[in-house]
Amino acid sequence: MKALLELTYTPRSEWGEKARDAFSTDLRERYPRVSDLTDKKNDEKRFQLRVNGDAKPGAVPYAALIPPDQDLSGGYGGMSFVMFPADEDNGLPSLLAMVVGTNGLAPDEMVLGRPGHGRKCAAIASYLNQKLPGSTWAKRDPVRIDLDMPRSLKQQLDAWSGCCQKYGRVLYAMFVPPTQRTVESDQLVLQAVTAFVDLFFDEREMAPKKAYEQDMAALRRNWMAQVLPTATDDQVADVLGRRRFAILEGPPGTGKTEMARRLLTEVYGGRGTVIQFHPGTTYETFVGGLAPRDGGALGFTFHPTPGHLMKAAQAAADSPEKPYLLVIDEINRADLSKVLGEAIYLFEPDQPDREVQLPFAFDGFGDRLRLPPNLHVLGTMNTADRSIAILDVAVRRRFAFIPLWPQLEVVEKLAGEQMRDSFHELLTLFIEHASEDALPLTPGHAYFLAKDEEADSRLGTSVRPLLEEYLAQGYVAGFADEIRAYIARLGQGA
């Protein structure tokens with residue numbers, strides 16, 4: 001994509017002469033069956049190149065990859081990749097963008113309306129923004145061509161005000177290249193151009209030549225990681241060190257409980273305890289309350305008995321120089337607001353001196369409770385379980401939420417070829433078709449960690465029942481046929 005890199009920094013006045021040659025050079029090199037784009041009668045039926053080289057003041061020149069069978073003058077429709085030079089010959093680079101043609105979504109309404117397309121544009125934007133903060137933007141929903149780009153964004157793009165004013169409603173992803181060129185900045189622009197162009201062709205079901213397949217796959221893995229981000233043990237430990245109270249959330253099989261136990265052992269040196277919430281968990285069992293005791297001749301009597309939180313607070317206070325971890329597995333299987341009661345007041349990471357009055361005096365504790373600053377609480381939460389309590393805003397404000405998503409690299413490293421292929425196919429289905437509500441249902445990598453000789457059994461007895469339950473509950477109604485087709489290809493189990 002070196003010719004398109006140079007086109008990015010080509011002055012506006014020279015745009016019309018060089019745009020068609022740059023696209024022709026790079027696309028013929030990277031993709032098969034691409035004819036000589038200097039000929040406007042392009043015989044490739046899945047896309048066209050359209051160039052407007054009008055550099056007069058007030059005009060908006062551009063070069064665009066557009067759908068086939070669209071007019072090469074006037075309005076066009078569908079998904080396009082477009083490069084816009086700056087409004088003036090002032091040394092600024094061209095704006096790179098994904099745009100819906102001003103004639104509307106057709107013929108690409110199925111592509112643009114699929115959740116995966118917007119999701120992938122957002123992932124590319126997130127990846128590029130990590131490299132160059134503030135350089136990239138993506139609209140939440142590409143089909144909302146009735147919505148203009150944010151006013152604050154237009155103000156930042158004053159040098160490209162012509163294209164923003166004319167195409168602001170249909171521009172749904174864009175990258176602003178660095179003004180000053182360096183080896184590093186050129187590499188970033190190459191990644192941006194390649195990511196957007198590859199996305200355009202991938203959505204048109206055109207793969208690059210074999211020589212570029214690995215290059216495309218490597219870049220795609222980098223930005224696709226932004227779709228399903230995850231956290232390392234060190235990152236979670238750092239959050240706990242700063243915020244004290246955190247919750248790991250994610251689909252089933254993503255290793256939330258395993259990570260929590262690993263942190264307890266390896267980071268906290270075993271100083272802590274693990275409990276599990278369930279619908280029967282109460283304030284009395286977690287914080288403390290009256291519990292029956294054998295009263296001898298009097299039978300059972302009730303006595304104030306500390307719960308898990310009070311015991312953890314006492315254990316942490318006994319060794320104030322060492323952090324102590326309370327792990328609460330499946331934290332949202334109980335009604336956390338009721339379970340915490342007035343103790344929710346204590347979950348303020350920056351105010352460890354807070355105390356609450358308890359309803360009883362507890363032996364060894366008294367009638368007041370404080371959470372020492374070395375007490376850390378880590379919960380795990382399964383986002384796929386729709387039958388459990390939803391954490392309210394007051395609870396969410398007090399905990400740092402850390403997402404754990406399915407990770408393809410774990411399966412590639414530990415599973416057999418059949419499981420890798422099955423996981424990649426299912427992951428692609430969810431990324432492409434799942435709504436924002438359904439995406440957290442994506443089965444985790446733990447379901448697929450098996451060798452080929454165990455693959456049919458694992459798929460048939462573990463993955464199949466989970467997906468069938470999703471279908472029965474209507475959780476994946478938006479792409480049920482895709483899921484059914486996937487299930488039909490799974491092993492029957494043993």
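- No more than 12 heavy atoms of other residues, nucleotides or ligands shown are found within 6.0 angstrom of NZ on K322.
- Taking both residues in full, the closest heavy atoms of E412 and R420 are given as CA-CD, 3.3 Å, listed atom of the first, atom of the second, then distance.
- In terms of modelled atom types and a separation under 3.5 Å, the side chain of S319 and the main chain of A315 share no donor-acceptor contact.
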Show me the donor-acceptor pairs within less than 3.5 Å that the side chains of residues 340-350 make with the rest of the protein, sequence neighbours left out.
unit_1, atom_1, unit_2, atom_2, d
E342, OE1, Y283, OH, 3.4
E342, OE2, Y283, OH, 2.5
E348, OE2, R397, NH1, 3.2
E348, OE2, R397, NH2, 2.8

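- With rounding to the nearest 0.5 angstrom, the CD1 atom of I145 is 9.0 Å from the CG atom of L112.
- Looking at every heavy atom in both residues, Y475 comes nearest to A438 through O-CB, 3.7 Å.
- Summarising the geometry of L96 relative to A192, their closest heavy-atom pair is CD1-CB, 4.2 Å, with the distance given to 0.1 Å.
- Of the inter-residue distances, the one linking W405 atom CH2 with F430 atom CZ reads 10.5 Å to the nearest 0.5 angstrom.
- Taking every heavy atom of both residues into account, A450 and M419 meet most closely at O-CG, 3.3 Å.
- Here the side chain of N374 pairs a donor or acceptor atom with the backbone of A316 at under 3.5 angstrom.
- Residues S422 and V463 are not in side-chain contact: their nearest non-hydrogen atoms beyond the backbone lie 4.5 Å or more apart.
- Of the possible polar contacts, one joining the H445 side chain to the Q407 backbone as a donor-acceptor pair under 3.5 Å is found.
- When all heavy atoms are compared, the tightest approach of G460 to P465 is O-CD, 3.5 Å.
- Put simply, CG on N382 and CG on L441 are 9.0 Å apart, with the number rounded to the nearest 0.5 Å.
- Within the 3.5 Å criterion, the main-chain N or O of P304 finds no donor-acceptor partner in the side chain of E284.
- Contact of the I328 side chain with the F286 side chain is registered, since non-hydrogen atoms from C-beta on lie closer than 4.5 Å.
- With hydrogens and angles ignored, the 3.5 Å screen pairs a side-chain donor or acceptor of T380 with a backbone N or O of E330.
- Distance check, rounded to the nearest 0.5 Å: NZ of K451 to CD of Q418 gives 13.5 Å.
- Contact record, D452 with E417: OD1-N, 3.0 Å, taken as the closest heavy-atom pair.
- A donor-acceptor pair is defined here as one N or O able to donate and one able to accept, closer than 3.5 Å; no such pair exists between the side chain of T281 and the backbone of A334.
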Contacts table for residues 214-225: side-chain donor-acceptor under 3.5 angstrom, sequence neighbours left out:
unit_1, atom_1, unit_2, atom_2, d
D215, OD2, R30, NH1, 3.1
D215, OD2, R30, NH2, 3.0
N222, ND2, A218, O, 3.4

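- A 6.0 Å sphere centred on CD of Q357 holds more than 12 heavy atoms belonging to other residues, nucleotides or ligands.
- Aromatic ring centres of Y447 and F423: separated by at least 6.0 Å.
- Between the side chain of S126 and the backbone N or O of A122, no donor-acceptor pair lies under 3.5 Å.
- In this structure, the separation between CD on Q187 and OG1 on T182 is 10.5 Å, given to the nearest 0.5 Å.
- Around the CD atom of E453, the shell of radius 6.0 Å holds more than 12 heavy atoms that belong to other residues, nucleotides or ligands.
- Cation-pi contact between R204 and F200: present, with separation from the ring centre below 6.0 Å and deviation from the ring axis of at most 45°.
- The closest side-chain heavy-atom distance from D329 to K256 is not below 4.5 Å.
- Checking side-chain atoms of T442 against main-chain N and O of L439 turns up a donor-acceptor pair under 3.5 Å.
- We find that E409 and K413 are not joined by a salt bridge, their nearest charged nitrogen and carboxylate oxygen being 4.0 Å or further apart.
- For the pair S457 (side chain) and E454 (backbone), a donor-acceptor distance under 3.5 Å is absent.
- A heavy-atom distance below 4.5 Å is not found between the side chains of I247 and V377.
- A salt bridge does not link K2 with D186: every distance from a Lys NZ or Arg NE/NH1/NH2 to an Asp or Glu carboxylate oxygen is 4.0 Å or more.
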inquiry  = One pair to check against side chain to side chain contact (heavy atoms under 4.5 Å, CB included): D233 and V267. What are the steps and the verdict?
reply    = CA-CA 9 Å; D233 290 13; V267 176; 5.6 Å; no
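- Between the side chain of N129 and the backbone N or O of A125, at least one donor-acceptor pair lies under 3.5 Å.
- Considering only heavy atoms from C-beta on, F81 comes within 4.5 Å of M98 through its side chain.
- Contact annotation: the side chain of Q156 never approaches that of V176 to less than 4.5 Å [non-hydrogen atoms, C-beta and beyond].
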inquiry  = I'd like to know whether L199 forms a side chain to side chain contact (heavy atoms under 4.5 Å, CB included) with H117, so could you lay out the CA-CA distance, the side-chain angles of the two residues, the decisive distance to 0.1 Å, and finally the verdict.
reply    = CA-CA 9 Å; L199 177 63; H117 183 69; 4.1 Å; yes
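- A distance of 11.0 Å separates CE of M83 from CZ of F175, quoted to the nearest 0.5 Å.
- Pairs engaging residues 139-153 under the side chain to side chain donor-acceptor pair (under 3.5 Å) rule: R144-D146, D148-K154 [sequence neighbours left out].
- Using a 4.5 Å heavy-atom cutoff, the side chains of Q314 and D318 are in contact.
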CA sep, side-chain torsions, deciding dist, call: L371, L309, side chain to side chain contact (heavy atoms under 4.5 Å, CB included) = CA-CA 9 Å; L371 301 184; L309 182 63; 3.9 Å; yes
request  = Could you please spell out the steps behind the side chain to side chain contact (heavy atoms under 4.5 Å, CB included) verdict for C164 and M149?
outcome  = CA-CA 8 Å; C164 291; M149 65 168 55; 4.0 Å; yes
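- Within the 4.5 Å cutoff, the side chain of F479 has no heavy atoms near those of the R114 side chain.
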